[in-house]
Amino acid sequence: MEEELKCPVCGSLFREPIILPCSHNVCLPCARTIAVQTPDGEQHLPPPLLHSRGSGLPTSSAAAAPPPDQEAAVGRAFGGGGSSATGGCPGGGAGGVGDHADKLSLYSETDSGYGSYTPSLKSPNGVRVLPMVPAPPGSSAAAARGAACSSLSSCSSSSITCPQCHRSASLDHRGLRGFQRNRLLEAIVQRYQQGRGVGQGASAVPEMAICQLCDRTPPEPAAKLCEQCDVLYCAACQLKCHPSRGPFAKHRLVQPPGPLGPAETRCASPSATQGAPSGGGSYKSPGGAGVGSSGGSSARKFPTCPEHEMENYSMYCVNCRTPVCYLCLEEGRHGNHDVKPLGAMWKQHKAQLSQALNGVSDKAKEAKEFLVQLKNILQQIQENGLDYEACLVAQCDALVDALTRQKAKLLTKVTKEREHKLKMVWDQINHCTMKLRQSTGLMEYCLEVIKENDPSGFLQISDALIKRVQVSQEQWVKGALEPKVSAEFDLTLDSEPLLQAIHQLDFIQMKLPPIPLLQLEKCCTRNNSVTLAWRMPPFTHSPVDGYILELDDGNGGQFREVYVGKETLCTIDGLHFNSTYNARVKAFNSSGVGPYSKTVVLQTSDVAWFTFDPNSGHRDIILSNDNQTATCSSYDDRVVLGTAAFSKGVHYWELHVDRYDNHPDPAFGVARASVVKDMMLGKDDKAWAMYVDNNRSWFMHCNSHTNRTEGGVCKGAIVGVLLDLNKHTLTFFINGQQQGPTAFSHVDGVFMPALSLNRNVQVTLHTGLEVPTNLGRPKLSGN
């Protein structure tokens, strides 16, 4: 509960809380720091002065546009002195401003006691507040602040912004005293402090209010608070800046909030301005506390009306939602308002609060159960996490072991290849060395033979030596002096696929997707179309690649797939009218197909509602009246189809002849979707029709004219079409009487309403009709 008892500005327990128009509460001292003053005369000041206010910059630098944070800091707030160097010292820090400096000093932060928001200072809840900075020594703040405060009601408008909902409220001539004190919250805070003090053995002492005009550091404790100026004064500053004469004679000085907290009383009287800071009298506050100046914790009395301080609250204004006294009803602005007894409204609001608390209590119970569930989930997550970690370590260790074994095999292959190459090279070295030794010995021997001077002896062995030298030369054939093996290894390890696989190594979903949940509030039918919507259960971690929607045939037959995809909303068109369909859905992913959802039952419309289809009609057909009226100015016949298709059931619709001149012959009937659109309906094998003029009618299919019947149409006539797909027949009616016998039998398949027009005939379609039971007997056909 402590959070409910803390001020949103200072973050401490409420001290003298007031109720803002938005129903939020704030401490009265904190309200002084966040209330904003906007002088009316500011708009008449020169632009350089407007830019230099509160910025601490000389006039020469103030001509430049200030940054947004400086523009936002121009607003004034009740509280401590500002940090501007331009106020209070005409000619100092703003050279060249002349007489405007005196006008500006009236509204400056230093002189008036109002300061700009300081972006760097924030309360524990992030609300910008004013620092309590004393005025610089030697400035004119002490002399001018009081005068500025007295003129605020005439030269400025005040407002306060709620630190919680950020809604602004304007202050009237009473200032913050115009807001009601929350005595109930004040009493609860006091009881809470007392209970906490008993529990802890001692209670914290609230901070002492300090003077807002002191030149001393630190400032002196405040002795008086002016309720009109909303400024705290010490004894010295009060005598110097707020004397009890002149415009200040009618101001009310009260004792500031002291260390005793909300229970401390205020002393105020016209004579208190000349007395000591702590008077011995008593004062009955607007709330009606009436406690002595000793500040004891006396019993809380009934609050009184702030406008009529001697009267207790007795009624409740329903329009203003505030308690009022009987004088407010007789003399005040509540005279014409709806009022009720205070006790009755008290009981009624208590009952409403109790009822609301019951709902909150139920939600709190559910929240506690939910927290237990979340804690169980936390424990399961811890356990499952450890299991998964162990499994992951085991799998990775197995991969490392397999890689180590494969590494040993590959190293063995490399060793064998190296030894083979070394053996080949050593064999070639030994062979080449032996041949070189033989060739070198033969060369040296031949050179010695050549040195001999014995011709006969030389000739004896020359032939043999020449032959040996030639044989030795032939031993060094081509390729004999080339290495048989290369120093490079022909083995290449292709590790890229394995590295890529390692980089792509990730968890795959091993579980099937859960059961989808059908959203019954979004499932609906329209005509012969059904729309189904579904979603996955909350906290579903299994990925879903898509969904499979299945629908039966409307007669309880086998289910068939009608949609496969990732969407969770699907509309199926072209179903049978007056039929009951069962639908179900399941999800799938890479692991397989999940279980089916619950089956939902959908009923299509009993009768068909449709219009002419602008997409299927001939371009000469002109549609109007939301595609329910058709006409054609062409001399040739043009065909237009309806938006519905029938394959089952009994269906009836009518066409009203709106215009009929010069005896044309329109045709009415049914057709396939691929019917020819530029000739009379029934001339091809895709249409079954009755064409009629002003005297007689014929049935036509495949350009075959049959059953001529007397009786035609005129303006205002109604042509009815009855398609019975249960009996597979097609029948026509004119003005409620059957025209001829049953026009066509053995009608089977899918049919769409069709019509062919020419020569400015205009008809209007009427659908959604029940099958009539009182139709007249058929007329006899002529042939």
Side-chain angles (χ1 to χ4, degrees), residues 1-35 78 123-125 127 160 162-164 169 174-199 203-209 222 225 227 230 232 252 254-268 282-307 309 311-313 316 321-325 342 346 349-350 353:
M1 185 180 70
E2 185 174 352
E3 294 299 325
E4 295 288 335
L5 306 180
K6 287 184 178 180
C7 174
V9 178
C10 62
S12 304
L13 295 178
F14 281 106
R15 294 179 298 169
E16 299 181 275
I18 60 175
I19 305 175
L20 299 180
C22 58
S23 301
H24 291 131
N25 300 281
V26 67
C27 293
L28 181 59
C30 297
R32 299 190 189 101
T33 65
I34 63 175
F78 290 92
S123 72
N125 293 334
V127 181
I160 185 170
C162 176
Q164 291 183 278
R174 297 175 296 175
L176 295 175
R177 292 180 62 247
F179 296 127
Q180 294 184 359
R181 287 274 294 275
N182 195 337
R183 299 290 179 180
L184 192 63
L185 177 59
E186 200 169 347
I188 294 175
V189 171
Q190 185 177 3
R191 291 200 304 267
Y192 180 77
Q193 286 179 325
Q194 292 175 354
R196 188 173 61 174
V198 172
S203 60
V205 178
E207 295 183 0
M208 178 72 70
L225 169 67
E227 291 191 341
D230 280 305
L232 294 167
R252 175 180 292 180
V254 298
Q255 186 175 349
L260 293 179
E264 186 177 6
T265 61
R266 293 181 176 180
C267 296
S282 64
Y283 167 69
K284 190 171 184 179
S285 65
V291 184
S293 61
S294 59
S297 57
S298 60
R300 182 163 54 97
K301 297 182 179 180
F302 290 103
T304 59
C305 177
E307 298 182 2
E309 298 183 357
E311 300 296 331
N312 292 332
Y313 289 124
Y316 180 83
R321 296 185 178 182
T322 182
V324 295
C325 67
L342 187 65
W346 176 49
H349 283 209
K350 270 195 172 184
L353 181 59

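Remark: His349 pairs with Tyr316 by the ring pair (Phe, Tyr, Trp, His ring centres under 6.0 Å) rule, at least two apart or across chains. Scored by the side-chain hydrogen bond (donor to acceptor under 3.5 Å, both in side chains) test, Glu4 finds no partners at all (sequence neighbours excluded).
Between Arg252 and Val254, some side-chain heavy-atom pair lies under the 4.5 Å cut-off. Residues Gln255 and Leu225 are not in side-chain contact: their nearest non-hydrogen atoms beyond the backbone lie 4.5 Å or more apart. Inter-residue side-chain proximity for His24 and Pro8 is flagged as unmet; no heavy-atom pair is nearer than 4.5 Å. Leu28 places none of its side-chain heavy atoms less than 4.5 Å from the side chain of Pro17. Side-chain contact check for Ile34 versus Ile160: some heavy-atom pair is nearer than 4.5 Å.
Considering CG of Leu20 and CD of Gln164, their distance stands at 9.0 Å, rounded to 0.5 Å. Here the straight-line distance linking atom CD of Glu16 with atom SG of Cys27 works out to 8.5 Å at 0.5 Å rounding. Between the CG atom in Leu5 and the OG atom in Ser12 there is a gap of 12.0 Å [rounded to 0.5 Å]. Annotation: the span from Gln190 atom CD to Leu185 atom CG amounts to 11.5 Å, rounded to 0.5 Å. The NZ atom of Lys6 sits 7.0 Å away from the CG atom of Leu13 when rounded to the nearest 0.5 Å. With rounding to the nearest 0.5 Å, the separation of CG in Asn25 from CZ in Arg181 is 12.0 Å.
In plain terms, the two heavy atoms of Cys325 and Tyr313 that are nearest each other are N-CD2, 4.3 Å. Closest approach of Ile18 to Phe179, counting heavy atoms only: CD1-CD1, 3.9 Å. Taking both residues in full, the closest heavy atoms of Pro256 and Ala222 are given as CG-O, 3.4 Å, listed atom of the first, atom of the second, then distance.
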